[in-house]
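Chain identifiers are assigned alphabetically (A, B, ...) following the order of the sequence lines, protein sequences preceding nucleic acid strands; residue numbering begins at 1 within each chain. Because the structure is a prediction, the values reported are computed rather than measured.
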Amino acid sequence: MAGELEGSKSLSGLLSGLAQEAFHGHQGITEELLRSQLYPEVSLEEFRPFLAKMRGILKSIASADMDFNQLEAFLTAQTKKQGGITSDQAAVISKFWKSHKTKIRESLMNQSRWDSGLRGLSWRIDGKSQSRHSAQIHTPVAIMELEIGKSGQNQDQFRLWIKRTALCLKDKQASNLKGKYSLVFNLHNSGAPGWHSR
Amino acid sequence: RPGPGGARPLLVAGQLIDFQWKLGVAISADSCKSLKLPCVTVALKVADGSGNITCKTFEMTVPQFQNFYSQFKEMASVLETF
């Protein structure tokens with residue numbers, strides 16, 4: 001019954017299911033599962049376009065990373081459209097986005113990271129060693145182990161020896177990078193909705 | 001994390017001879033029109049015992065880079081004490 005679909009009771013659950021499937025990569029959340037769990041009185045033929053509409057709305061909101069003003073404007077427009085949503089439904093969607101926005105954005109960002117990432121890092125410093133034949137055979141050295149790879153795949157391991165002079169140089173380079181990064185961070189932090197620090 | 005005797009094979013070991021970086025912001029993607037994703041890409045040049053040079057690149061998120069940077073600083077300060 002169309003009345004069932006217009007209600008907002010099950011919509012929250014539907015949006016959760018849609019988010020799991022569309023953003024968080026959850027397999028196995030089918031149309032039929034959502035229908036039977038949330039809208040059992042509705043036929044699949046009627047449910048399908050409704051689901052598509054809600055999925056489209058959620059994807060538009062997430063893709064544009066709407067702030068609350070944009071969200072209200074967008075949802076209001078949807079309520080005025082032919083075959084759009086009710087104002088109750090708009091309220092449910094709005095509430096859902098506000099509480100799930102951060103997690104959904106994070107999943108979307110992860111989907112866009114295609115190259116190998118740094119999965120692990122550990123280090124130690126080896127001090128001087130001696131042997132029977134020479135008083136000093138090693139100068140102090142930092143040993144760093146990096147695990148680099150894509151999520152869900154085997155990681156490559158890198159063990160690096162870093163001598164003291166090299167480390168100071170790299171530290172300076174890293175410090176330059178940090179300075180540059182702060183600049184970008186601040187540019188994006190001011191008035192950029194959806195950019196959050198962790 | 002596996003140590004030296006751990007399960008994962010050690011693929012590259014050597015002396016760090018150079019590290020380069022680049023900072024980028026991904027603006028948009030097909031899955032997400034408004035992305036605004038800062039990303040640090042690092043390229044490490046490592047020389048093994050025979051002088052063979054390998055270059056490895058990887059990405060870091062902003063918090064990861066902050067951690068990476070602070071680890072570097074810590075190593076440098078410990079090395080200073082020797």
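Environment of CD in A:Q27: sparse, with no more than 12 heavy atoms of neighbouring residues, nucleotides or ligands closer than 6.0 Å. No more than 12 heavy atoms of other residues, nucleotides or ligands sit less than 6.0 Å from atom NZ of B:K45.
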Between A:L121 and B:F72, does a side-chain contact (heavy atoms from CB on, under 4.5 Å) hold up when you go through it step by step? CA-CA 11 Å; A:L121 184 162; B:F72 250 86; over 6 Å; no
Is there a side-chain contact (heavy atoms from CB on, under 4.5 Å) between A:L146 and B:L44? Walk through the geometry before answering. CA-CA 11 Å; A:L146 303 171; B:L44 300 175; 3.4 Å; yes
Apply side-chain contact (heavy atoms from CB on, under 4.5 Å) to A:R119 and B:F58, showing your working. CA-CA 10 Å; A:R119 304 282 156 201; B:F58 59 93; over 6 Å; no
Assess whether side-chain contact (heavy atoms from CB on, under 4.5 Å) is satisfied between A:W114 and B:E59, documenting all intermediate values. CA-CA 9 Å; A:W114 300 337; B:E59 289 183 351; over 6 Å; no
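The parts of A:L160 that come within reach of chain B are both its backbone and its side chain, each placing non-hydrogen atoms under 4.5 angstrom from that chain. Of the two parts of B:Q71, the backbone and the side chain both hold a non-hydrogen atom closer than 4.5 Å to a non-hydrogen atom of chain A. Using a 4.5 Å cut-off between heavy atoms, B:A26 makes no contact with chain A at all.
Between chain A and the options B:S28, B:S31, B:A47, heavy-atom pairs under 4.5 Å are most frequent for B:S31.
Contact between A:M109 and B:K36 at its shortest, heavy atoms only, is CE-O, 4.1 Å. Residues A:S116 and B:T57 share a closest heavy-atom pair of CB-O, 4.3 Å. Minimum interatomic distance between A:I148 and B:K56 (heavy atoms only, all atoms of both residues): CG2-CE, 3.8 Å. Smallest separation of non-hydrogen atoms from A:A62 and B:C32: O-SG, 4.0 Å.
Atom OG of B:S34 sits about 8.0 Å away from atom CD of A:Q70, to the nearest 0.5 Å. How far CG of B:L16 is from CE of A:M144: 8.5 Å, rounded to the nearest 0.5 Å.
For A:S63 (side chain) and B:K33 (main-chain N/O), a donor-acceptor pair under 3.5 Å exists by modelled atom type. Of the possible donor and acceptor atoms, one in the side chain of A:R105 sits under 3.5 Å from a partner among the backbone N and O of B:L35.
A:W97 meets the side-chain hydrogen bond (donor to acceptor under 3.5 Å, both in side chains) test with no other residue; sequence neighbours excluded.
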